[in-house]
A.B. asks: 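One structure, pasted below without further comment.
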Number of protein chains: 2
Amino acid sequence: MRPRRADARRNYDQLVAAAATAFAREGADASLEEIARQAGVGSATLHRHFPSRQALLNAVFHGRVEALCQQADELAGSADPGPALTTWLRALGAYVASTRGLASSLVPSTDNECHRMIVRAGDGLVIRARAAGAVRPEVSIDDLLTLVTAISMAVEHNPGEGGTEAERLLGLAIDGIHPRAAA
Amino acid sequence: MRPRRADARRNYDQLVAAAATAFAREGADASLEEIARQAGVGSATLHRHFPSRQALLNAVFHGRVEALCQQADELAGSADPGPALTTWLRALGAYVASTRGLASSLVPSTDNECHRMIVRAGDGLVIRARAAGAVRPEVSIDDLLTLVTAISMAVEHNPGEGGTEAERLLGLAIDGIHPRAAA
DNA sequence: GCAGAAACGGGGCGGCCCCCCGTTTATCGT
DNA sequence: ACGATAAACGGGGGGCCGCCCCGTTTCTGC
């Protein structure tokens, strides 16, 4: 994935770094030209290394997604599949909501490696939770991931501090809006 | 709101009509220039009548939002505030998910009349449901509206038929992901 | 050190949003 | 009926963007 020539590798890394700060500051639809400018390369170089915005998002967030997957794998060994799933979901939601642009990197798409990774990791938790009777049979990892990303994106470009709001909304979606809290 | 001069009224109406089909086909981020072109007017005319994209969205969806508000008012007279709220929420979700671009017209914003209308109508249902103990005290109409629009937007630009998917996801958010279905 | 491959980036193209301002058109009072 | 005036129109330009062509520069393996 990373280029072989030294100068190309350097540009690649500078682009990813510039993109990381740009996405953090302006969201996933930051200007690609500005990212190239900040990285000190021509825009053509950016497009050569990253044919699509999605590819750049993947490169930026690959590491963080890997960490989330690892957390899922650890929780998969838990004795209580139900709480394991909800714990992971809340952690995922909190992290995604607090990391601008990450949500856009988790929506399904043809060349979206991050999405595939998360699905693969989370599916294990969902299957175990389902087998334990802790979630409804028709609930899939895609459903849950869609909920998490949808909530994050909705809160993302809203006023100021949306992190706590995202957590509350995800809590509603997990336990339902009715009072019989199963917390 | 609608202009006084006859030619201006005609252009206004043609713009709204063209915008309706454009939003339906391409979503809320359809090209404004293309809408003006389809309406047979210059782009300046579009921007004079509708200073922002939001203003155009409002004009297009005002009628449908009004209908949803009326439905809420009718349900507010129901004897069972809990089911009244969930019934309205599902109807809202189904309608928003099946009407491309509508979701974008319901996100909070400074000049968003549609959002205010829906909030006002839905708040009555939420207050009554809360008083009846049918929803948790901390749940607000803003929370619910955010969930509905977030789910709709997430499903909206996904592959093909997302309507049923949106209904299922909203069902999850209302009743929770756990099996103790309160239908 | 050199040849060839690999990478670079200036600059052009088309599209978009937004707005200025000279021109056209509807309206209203007479 | 018609002319004056205000209202509305829209071509076209500016700025920004994503994308890509292709002549030039730079690295690397022998």
Side-chain angles (χ1 to χ4, degrees), chain A residues 1-60 100-101 104-105 107 109-112 157, chain B residues 1-60 100-101 104-105 107 109-112 157:
Chain A
M1 231 73 265
R2 225 154 124 246
R4 326 133 190 60
R5 251 172 69 166
D7 54 344
R9 259 198 311 269
R10 189 166 48 244
N11 286 338
Y12 181 98
D13 293 340
Q14 282 168 341
L15 279 168
V16 171
T21 72
F23 288 147
R25 202 175 60 241
E26 309 175 32
D29 52 356
S31 161
L32 297 182
E33 305 249 335
E34 178 62 24
I35 289 173
R37 220 170 289 134
Q38 290 294 325
V41 306
S43 66
T45 297
L46 185 152
H47 287 283
R48 195 175 321 110
H49 284 302
F50 308 99
S52 67
R53 180 181 296 272
Q54 191 59 236
L56 185 53
L57 284 165
N58 286 353
V60 167
R100 247 186 152 177
S104 305
S105 192
V107 303
S109 157
T110 55
D111 63 340
N112 192 334
H157 35 49
Chain B
M1 230 76 262
R2 226 154 126 246
R4 324 135 191 59
R5 250 174 69 166
D7 54 345
R9 259 198 310 272
R10 190 166 46 245
N11 286 337
Y12 180 98
D13 292 340
Q14 281 169 341
L15 280 168
V16 171
T21 72
F23 289 148
R25 203 176 58 241
E26 308 176 32
D29 52 354
S31 161
L32 297 184
E33 306 245 338
E34 179 61 24
I35 289 172
R37 221 171 289 133
Q38 289 295 324
V41 305
S43 66
T45 297
L46 185 152
H47 288 283
R48 195 176 320 110
H49 283 301
F50 308 99
S52 68
R53 179 181 296 272
Q54 192 59 238
L56 185 54
L57 285 165
N58 287 352
V60 167
R100 241 181 161 183
S104 304
S105 193
V107 304
S109 157
T110 56
D111 62 341
N112 193 333
H157 36 48

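Given the structure is predicted, the values throughout are model-derived calculations rather than measurements. Here is the naming used below: chain letters follow the sequence lines, and residue numbers restart at 1 for every chain.
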A.B. asks: I want to check one thing: is the phosphate of C:dC8, taken as OP1 and OP2, less than 4.0 Å away from some side-chain N or O of A:His49?
C.D. replies: yes
A.B. asks: In whole angstrom, give the distance that lies between atom CD of A:Gln14 and atom P of C:dA7.
C.D. replies: 16 Å
A.B. asks: Tell me which nucleotide among C:dC8, D:dT28, C:dC18 gets nearest to the side chain of A:Arg5.
C.D. replies: D:dT28
A.B. asks: Scan B:Ala44 against the nucleic acid and name what it touches under 4.0 Å (heavy atoms): base, sugar-phosphate only, or nothing.
C.D. replies: base
A.B. asks: Of the nucleotides C:dC16, C:dC18, D:dA8, which has the atom closest to the B:Arg48 side chain?
C.D. replies: D:dA8
A.B. asks: Determine: side-chain N/O of A:Asn11 to OP1/OP2 of C:dC8, distance under 4.0 Å, yes or no.
C.D. replies: yes
A.B. asks: CG of B:Asp7 versus P of D:dG10: gap in Å, rounded?
C.D. replies: 9 Å
A.B. asks: Of all the choices, D:dG10, C:dT27, D:dG12, which nucleotide is nearest to the side chain of B:Thr45 once you look at every atom?
C.D. replies: D:dG10
A.B. asks: Strictly below 4.0 Å: does B:Arg4 bring a side-chain N or O up to OP1 or OP2 of C:dT27?
C.D. replies: no
A.B. asks: Strictly below 4.0 Å: does A:Ser31 bring a side-chain N or O up to OP1 or OP2 of D:dC16?
C.D. replies: no
A.B. asks: Looking at B:His47, does any N or O in its side chain come under 4.0 Å of the phosphate oxygens OP1/OP2 on C:dC19?
C.D. replies: no
A.B. asks: Looking at D:dC27, D:dC19, C:dA26, which one has an atom nearest to any side-chain atom of A:Leu32?
C.D. replies: D:dC19
